[in-house]
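Notes to accompany the following structure.
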Amino acid sequence: MTSLMDKCAVTGIGETAYTKNSGKSVVALQMEASLKAIADAGLKPTDIDGVIPYGSLEVVAEEFITNLGLQDLRFSAVTPLGGASAVAAIQAAVSALVAGVANHVLIPIGRNGSSGERIGARAAAMPQFRTVGEYEMPSGNIAPPQLYAHMARRHMEMYGTTSRQLAEIAVTVRSNAILNDNAVMQKPMTIEDHQNSRMISDPLRLFDCCLESDGGAAVIISRAEQARDLAQRPIYIMGVAEGHPDSPSTITQRPDMTTLGTAKAAPRAFGMAGVSHKDIDVAEIYDCFTYIVMCQLEDLGFCKKGEGGDFVSNGRIALDGELPINTHGGLLSQSHIIGMNHVCELVKQLRGNAGKAQVANAEIGLVTGYGDMGDGAVAIMRN
Amino acid sequence: MSNTMPDTTYDKPMPPLNRDSKPFWDSLKDHAMRLQRCADCGKVRHYPRPVCDSCYSMEVDWMRASGRGKIHSWTITHHAFHPGFLGNLPLALVTVDLDEGVRICAQIRDLAPDQLRVGMPVRVDYEDATADLTLPVFRPA
Ligand SMILES: [Zn+2]
């Protein structure tokens, strides 16, 4: 079997301003981010011949033909994994590029998650939520903070995990956001602030939950031999994988509700990359909820199942810690751009231009996506 | 045309019924919960669906559930994610391991949140939400 290791690279990234009210259409946000990514790579819009739009938004691949004047779009797909879609799309892009189907694949995401329709309303309409819609929503188990609270409570009861441990994640990620001019949340947060934030769905408090945001982000993936001739230092994709948990469409029926699809993807991504956990200099972990960050760190293998609460404590995940995470402020404090902001941040870290949150000598990093009640995706990159 | 007046006062989400699940919802209306079981290999499955993932048979029968189970996990919701639940906060939702080996998520009654424990025995009960919809709830066994 052909390995995808190092065959492709991220060649361009683009981000709009992240706000609570963009005043722009979703299509406009995606085009703005895409044009920035294309310019960043040193490409022309007409060089793009593959597009993987986000499956659950209103923008389809053909919008990019119309707006960017693409002459020969040869590859389009969607990766409907909710918040894992952006990283799963990297796997789809790399597969198509290595097979020679396309040369430069654009992966755009953009949304008005704050000023437009909120996540609860969107989720109920998604086919992945049909089962929960029939059997759980009538009883009041409706939105992700509730669905995931059952997971978090089970983890706490099985392993002694505490809300203060989840607070470590929220506080760390906020302190990173404060270093980032393009992060929505700029007010410092303490453990006590987290503990005093209102309970949403026990054990998850307001500060365990991510933002709802407006903005767009996009990346371009190209084959390595072409990447070397473009404008930026190529950021090579060493390993990439997606994983779906058992009982993917309902957490209730999942044999172990404290394990995500990430646990299936991680060994494949690390195996392809040929690196171990101690080689990872920086990790951008999909953070729709603090608990989901902790659970992914376990499923990725940074610690054993049940040890996540201890792992995130004592500064280990801080900028100067053993494993700095979410150096941009994440979904919790930068912006909820469905994890494409995580991909852009990892590329910036590995290019060495992550500003005040730059991790010294970052050479190898990891980014995850998580969504749709348990889907996981993992990419490992190097400079 | 329906013979009965539609219930226009019920303001919570309604299950979009389908052919695979109708016997389950009908059994709740009868206050006698039934679960889908593979007619060939006997594996009980929930939520209802057309294929047995053990033997791939599409033949099903429906067995009367014991209604007994143990708490697997829970959440106490303090925010109304649907306006229909504004008057029901906080909402105590439990995931229950039924004795038949499948789980159900439903509200729990007659138990203070700080009394909830993993493994606590519970039994199913029924609440008629409308003339056409009955929802399961749990009570301490
Ligand atoms: Zn069977």
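To find a chain, count down the sequence lines: A is the first, B the second, and so on, and within it residues start at 1.
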Interatomic spacing from CG in D202(A) to NE2 in H78(B) - rounded to 0.5 Å: 5.5 Å

Q107(B) (side chain) donor-acceptor with S139(A) (main chain) under 3.5 angstrom: yes

Members of residues 114-122 of chain B whose heavy atoms come closer than 4.5 Å to chain A: V118(B)

Selection residues 85-106 of chain B - residue pairs positive for ring pair (Phe, Tyr, Trp, His ring centres under 6.0 Å), sequence neighbours left out: none

Over 12 foreign heavy atoms within 6.0 Å of NZ, K305(A): yes

Part of residues 22-55 of chain B lying next to chain A, heavy-atom separation under 4.5 Å: F24(B), W25(B), H46(B), Y47(B), P48(B)

Atom NZ of K12(B) with >12 non-hydrogen neighbours under 6.0 angstrom: yes

Spacing of NE2 belonging to H79(B) relative to OG belonging to S201(A), to within rounding of 0.5 Å: 10.0 Å

Under 3.5 Å donor-acceptor pairs involving side-chain atoms of residues 89-102 of chain B, not counting sequence neighbours:
{"unit_1": "T95(B)", "atom_1": "OG1", "unit_2": "H150(A)", "atom_2": "ND1", "d": "2.9"}
{"unit_1": "D97(B)", "atom_1": "OD1", "unit_2": "R103(B)", "atom_2": "NE", "d": "2.8"}
{"unit_1": "D97(B)", "atom_1": "OD2", "unit_2": "H72(B)", "atom_2": "ND1", "d": "2.8"}
{"unit_1": "E100(B)", "atom_1": "OE2", "unit_2": "S66(B)", "atom_2": "N", "d": "2.6"}
{"unit_1": "E100(B)", "atom_1": "OE2", "unit_2": "S66(B)", "atom_2": "OG", "d": "3.1"}

Greatest number of heavy atom pairs closer than 4.5 Å to chain B - which of A149(A), S247(A), P138(A): P138(A)

T250(A), part contacting chain B, at a heavy-atom distance under 4.5 Å: side chain

S73(B) and M257(A), any side-chain heavy atoms less than 4.5 Å apart: yes

Segment of I251(A) engaging chain B (4.5 angstrom heavy-atom cut-off): backbone

Heavy-atom pair count under 4.5 Å with chain B, highest-scoring of Q146(A), E136(A), E157(A): Q146(A)

Segment of Q253(A) engaging chain B (4.5 angstrom heavy-atom cut-off): both

Shortest non-hydrogen separation from P13(B) to I142(A) and the atoms involved: CG-CD1, 4.1 Å

Separation between CD1 of I104(B) and OH of Y135(A), rounded to the nearest 0.5 Å: 10.0 Å

Minimum heavy-atom distance between F81(B) and P145(A), given as atom pair plus value: CZ-CG, 3.7 Å

Any side-chain heavy-atom pair of S21(B) and E134(A) under 4.5 Å: yes

Side-chain touch M137(A)/M14(B), heavy atoms, less than 4.5 angstrom: no

